[in-house]
Number of protein chains: 2
Amino acid sequence: MSKQELVVLGQDESGCCPPLLAAPLDEEQAVELAKVFKALGDPVRLRLLSMIASREGGEICVCDLTPAFDLSQPTISHHLKLLRQAGLIDCERRGTWVYYWLLPGTVDKLAGVLTRPGQPAASEGSP
Amino acid sequence: MSKQELVVLGQDESGCCPPLLAAPLDEEQAVELAKVFKALGDPVRLRLLSMIASREGGEICVCDLTPAFDLSQPTISHHLKLLRQAGLIDCERRGTWVYYWLLPGTVDKLAGVLTRPGQPAASEGSP
DNA sequence: CTCTTGTTTCGACATACGTCTATGTTGACG
DNA sequence: CGTCAACATAGACGTATGTCGAAACAAGAG
């Protein structure tokens, strides 16, 4: 089940991040990046990702996600599939329920790509 | 001309950034964020943004953007319009030519939203 | 095995999106 | 004023996307 992500971002260990804002992107990089941004370009998927990522234990059951939306269960499942194919989340069946969790690599990659040179990290407000 | 952005992100000065990955997003925030991510969800627009942002002087003429793509001039103009409506760039006519530049606020906002708590800034690789 | 519950897959459909050609608009220059 | 070049807008067309209901699949309980 967790075998079908498109491995959309090279997850390169080569230091840090391809500069989006510091050098022109070549077409191939742009295509790969656009897939992930497109996955984030829907309010339902953003909220799903947010709910998954902000879960204390790191995992959340579909049955806890669905009631938060005014949409049919198949539609939620569809959006979760797109997030999974974008490499943003993964899931595992555990008995009757399916649990989803965040794949931090892809999100970190995006954050890096969008960080302008010289811009400090977005440190959360808890010193 | 530079008057029609949707002012899509509140550009709030309230410290830093709404946590996308630390707390569930409410619907309104999700809708606003999704507009910007959707604008980034196209390879042509990503490359356009990248070319604009990485320009040394901070500005670039449309006549320098168009030839880099295998698309018609109106198509490029259309994509630039979407980036502008998303609050990512702005433009100004200067004689015959139109110049575009990056609006750093929106990009910074996205980077902040995608940065996980505890994740350091993406420092560029030039020590 | 059968029944029930949770989840995904399958078609179908309306809408949105990316692209084009054709046409406007704006400014520079004779 | 007329003409040309640089961009923008308008309309059209094919494809992709978001949504649903129905059906299939998986796993536990009788």
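All heavy atoms count here, side chains included; hydrogens, waters and symmetry mates do not. Just so we're on the same page: letters track the sequence lines, and every chain starts at 1. Treat the numbers as computed from the prediction; the structure is a model and nothing was measured.
- You'll find that the side chain of Arg93(B) is closest to dG27(C), out of dT19(D), dA22(D), dG27(C).
- Between Phe37(A) atom CZ and dG18(C) atom C1' the separation is 19 Å, expressed in whole Å.
- A distance-only check finds a donor-acceptor pair linking the side chain of Thr115(A) to the backbone of Ala111(A) [under 3.5 Å].
- Using a 4.0 Å heavy-atom cutoff across all strands shown, Leu65(B) reaches no nucleic acid atom at all.
- Between Trp97(A) and Asp70(B), the residue anchored nearer the 5' end of DNA chain C, judged by the nucleotide with its closest heavy atom, is Trp97(A).
- The interatomic distance linking Leu82(B) (CG) with dG18(C) (C1') rounds to 9 Å, in whole Å.
- Residues Leu80(B) and Gln73(A) each lie close to DNA chain D; by heavy-atom proximity, the contact nearer the 5' end of the strand is made by Leu80(B).
- Distance from the side chain of Lys81(B) is smallest for dT9(D) among the nucleotides dC7(D), dT9(D), dT8(C).
- For the pair Arg84(A) CZ and dT7(C) P, the computed distance is 13 Å after rounding to whole Å.
- OP1 or OP2 of dT17(D) lies within a sub-4.0 Å distance of a side-chain N or O belonging to Lys38(A).
- Between the CG atom of Asp42(B) and the C1' atom of dT15(D) there is a distance of 14 Å, rounded to whole Å.
- Summarising the geometry, the separation between CG on Leu46(A) and P on dG18(D) is reported as 12 Å, rounded to the nearest angstrom.
- To the nearest angstrom, P of dC17(C) lies 8 Å from NE2 of His78(B).
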Under 3.5 Å, which donor-acceptor pairs link side chains of residues 39-51 of chain B to any protein atom two or more places apart or in another chain?
| from | atom 1 | to | atom 2 | distance (Å) |
| --- | --- | --- | --- | --- |
| Asp42(B) | OD1 | Val44(B) | N | 2.8 |
| Asp42(B) | OD1 | Arg45(B) | N | 3.3 |
| Arg45(B) | NE | Ala39(B) | O | 2.6 |
| Arg45(B) | NH1 | His79(B) | ND1 | 3.1 |
| Arg45(B) | NH2 | Lys38(B) | O | 3.3 |
| Arg47(B) | NH2 | Ala68(B) | O | 3.3 |
| Ser50(B) | OG | Leu20(A) | O | 2.9 |
| Ser50(B) | OG | Ala23(A) | O | 2.8 |
| Ser50(B) | OG | Leu25(A) | N | 2.8 |

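- When the side-chain nitrogen and oxygen atoms of Arg45(A) are compared with OP1 and OP2 of dG18(D), one or more of them lie within a distance under 4.0 Å.
- Atoms CD (Glu92(A)) and P (dG6(C)) sit 19 Å apart, rounded to a whole Å.
- Remark: Thr75(A) is in phosphate contact with dC20(D), judged by side-chain N or O atoms under 4.0 Å from OP1 or OP2.
- Contact annotation: Thr96(B) does not reach the phosphate of dA5(D) (side-chain N/O to OP1 or OP2, under 4.0 Å).
- Side-chain contact between Arg94(A) and Glu59(A) is present, with heavy atoms from C-beta onward closer than 4.5 Å.
- Residue Ser72(A) places none of its side-chain N or O atoms closer than 4.0 Å to OP1 or OP2 of dT19(D).
- Contact annotation: Tyr99(B) side-chain N/O to dC7(D) OP1/OP2 distance is not under 4.0 Å.
- The residues Arg84(B) and Asp90(B) are annotated as not salt-bridged, no charged nitrogen and carboxylate oxygen being separated by less than 4.0 angstrom.
- For the pair His79(B) and dT19(C), the criterion of a side-chain N or O lying under 4.0 Å from OP1 or OP2 is met.
- In this structure, Ile89(A) atom CD1 and dT7(C) atom P are separated by 14 Å, rounded to whole Å.
- Leu102(A) is connected to Leu80(A) through a chain of hydrophobic side-chain contacts under 4.5 Å among Ile, Leu, Val, Met, Phe, Trp and Tyr, so both are in one cluster.
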